There are 2 protein chains.
Amino acid sequence: MTLRDVARLAGVSVATASKALNGQPQVRASTRERVMQAASQLDFSPNTLAQGLITQRTGTVGLLTSDLEGRFSIPILMGAEDAFGTDQTSVFLCDARGDNIRERHHLRALLSRRVDGLIVVGARPDSRPSLGRDLPVPVIYAYAPSDDPRDLSLVSDNEGGGRLAVDHLIRCGRRRIAHITGDATYGAAQDRARGALGRLAQEGLEIAGGEVWFGMWSEAWGRGATRMLLERCPDVDAIFAGSDEIARGVLDVLHEERLDVPRRVAVVGYDNWNILVANARPPLTTVDMNLEELGRVAAQRLFAAIGGTLGSGIEKFPGKLVTRESTAPLR
Amino acid sequence: MTLRDVARLAGVSVATASKALNGQPQVRASTRERVMQAASQLDFSPNTLAQGLITQRTGTVGLLTSDLEGRFSIPILMGAEDAFGTDQTSVFLCDARGDNIRERHHLRALLSRRVDGLIVVGARPDSRPSLGRDLPVPVIYAYAPSDDPRDLSLVSDNEGGGRLAVDHLIRCGRRRIAHITGDATYGAAQDRARGALGRLAQEGLEIAGGEVWFGMWSEAWGRGATRMLLERCPDVDAIFAGSDEIARGVLDVLHEERLDVPRRVAVVGYDNWNILVANARPPLTTVDMNLEELGRVAAQRLFAAIGGTLGSGIEKFPGKLVTRESTAPLR
DNA sequence: TACGTTCCTGAAAACCTTTTCGGCACGGCT
DNA sequence: AGCCGTGCCGAAAAGGTTTTCAGGAACGTA
């Protein structure tokens, strides 16, 4: 099962066998053919440890995530896994469970396995501590940016997403647009709200209800806020929810109040979380953060940086609006 | 950064340095101390590739999943990751996207990386093709069993889960219990139904509505089936739903019909999918498949089998009932 | 002093591959 | 005939570690 066996079967030296299998030019075509045949006959596959030891490339990367159960890591992880493909690169998955010292442990383990690079996926879209600048491999931060601006971070453009949602509502002819969103301590909530307000201002509109409704990332808050909103501003004709969960709560109350969606009130969510949007009544128009794409690009950037050098700063990824039946033009 | 550097700094040979760091007995205490000091001073961490090359143990395992986005792989993956810990073992994550040839590719890559073992996580609870018996490393199938009974598979006990749910409803004093569930081609749906019917028979009860309602794993089906059920059997006092999604649909219709949950009708779901059960009105009693535990045990079994040998057959894992407000004793 | 023990240390082989470089054979040229 | 160039192949080193085994020192005993 080793190269030596292949070489013996083909009647050549290991050196020649190696060159034959790796497409090196200094080997006669007929010899190469014999080696290839021997290799496939023995079902030979090279020991990547030995390869890595000598080439100083392992063809592995570490994926350091902080919460696997969180729904944001997964699409990014899939995108990255996808981009690396099965060809050359394998991915070490490490979940730090949000624990800093576990993260250091994982980091240490990954480095001693000589990974070629690292992708760090945060749990919340707010910035997280840098792993440090003195690592022997390139590092890319995804979703949650590093707090060190010299690192390279890829994040979702929340402000753009908020603008996108409101823009769509305006194009649907809505004029009394409210915004119900989650925890105000989340940068993402602030950014989405800023984008929404910006687009409204551009149109000369005020936010319906007089303010952005910050609260929690839950259906219950979506329900509660909607009731308060309807009391203060009964003629609202569109609600932009800061998450699909909140949007579900919003829909629930509108349904109870017999306010037709989308004819009377249009609703836009955020996240494009399939289980929520597909089952909603009616199916929910929402902003998709394009996380798979983000993961894919992270992988590509990392791949390009291996051996070379990495950029720095925070790169924002635009989301995209996915329209379903919860929004429609007025009449 | 290599062992040679450590040895040089400590004034010993690499052999002695290796033995000192690995706790081998044939080294004087003072010498060991010097080596340890040198190692920590240089922040030395051994090259696991070289170690693996010589010890024939890489301390890595492959996690071969068929659908990452599926919600079932993730908890299992977390349990496994958890059990391996950061100490010795790292996990290669490979997602085959349900594609058979991609799976073969990944398998080949993992073997050439000399993983010490494999965990295969299926997408559906039905059986899947075996990877074969002639692999050089132990393999454990999780969630979806292998179709070869000589392999070792760890799966969730769906029949037990169905029994558990109905048992709880009976203890709550319910007598007219219905079962609305998903796609009849899923073994899991059949098993849960069998468990439910078995427990009912044991109590001398018939299923309310006269039959198990098979359909789809969606809220919409939950709503539709509930309407039909209420028409055929208006005095139903409990509904066991085959998934939390379906249960959400059930709750929705009961809410519309002003049938109080749990006083008038009790509802039990399946999966304990947090986003759905926590946000439900009222929060949903449900069966938790204990998938993290399953993943954890899979990892432990695999770890034990490395070097040794593995059992075979299908091992079932009991679920557990998580009670919330959607069920309560009658009066 | 000579010898056997015990304890510790280091040289070297091994794991498997890649890559460099020297060498061999052969043909063509002067 | 002697020389050079070209094309192909193999010996050997390298990568970093573990493990075996031989040897040296110190010590006690005869």
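Model, not experiment: these values are computed from the prediction. Below, read A as the first sequence line, B as the second, and so on, with proteins coming before strands; counting in each chain starts at 1.
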Check whether any side-chain heavy atom of [X] lies under 4.5 Å from a side-chain heavy atom of [Y], and answer yes or no.
X        : Y        : result
B/Val61  : B/Ile119 : no
A/Glu293 : A/Phe317 : yes
B/Asp95  : A/Met78  : yes

Write out all pairs satisfying side chain to side chain donor-acceptor pair (under 3.5 Å) with one or both partners inside residues 25-35 of chain A, taking only residues at least two apart or from two chains. none
Rounded to the nearest 0.5 Å, what separates atom NE2 in A/His106 from atom OG1 in A/Thr65? 10.5 Å
Could you check how far [atom1] of [X] sits from [atom2] of [N], rounded to whole Å?
X       : N      : atom1 : atom2 : value
B/Glu33 : C/dC8  : CD    : C1'   : 17 Å
B/Arg32 : C/dT9  : CZ    : C1'   : 13 Å
A/Arg34 : D/dC9  : CZ    : C1'   : 11 Å
B/Arg28 : C/dC8  : CZ    : C1'   : 7 Å
B/Gln26 : D/dG23 : CD    : C1'   : 15 Å

Do A/Arg128 and A/Tyr141 form a cation-pi contact, if we require the NZ or CZ to be under 6.0 Å from the six-membered ring centre and within 45 degrees of the ring's axis? no
For a quick check under 3.5 Å, do A/Ser112 and B/Asn47 share a side-chain donor-acceptor pair by atom type? no
Indicate, with a heavy-atom threshold strictly under 4.0 Å, whether B/Thr31 touches base, sugar-phosphate, or nothing. sugar-phosphate
Can you check nucleotides 22-25 of chain C for protein contacts, nitrogen or oxygen pairs under 3.5 Å, and list what you find?
none

Counting only side-chain nitrogens and oxygens, does B/Gln24 get under 4.0 Å of the OP1 or OP2 atom of D/dT19? yes
Could you run through nucleotides 10-18 of chain D and give me one letter per nucleotide, 5' to 3': B if any protein heavy atom sits under 4.0 Å from the base, S if only the sugar-phosphate is that close, - if neither? BBB-BBBBB
SB check B/Asp99 B/Arg97 (cutoff 4.0 Å): no
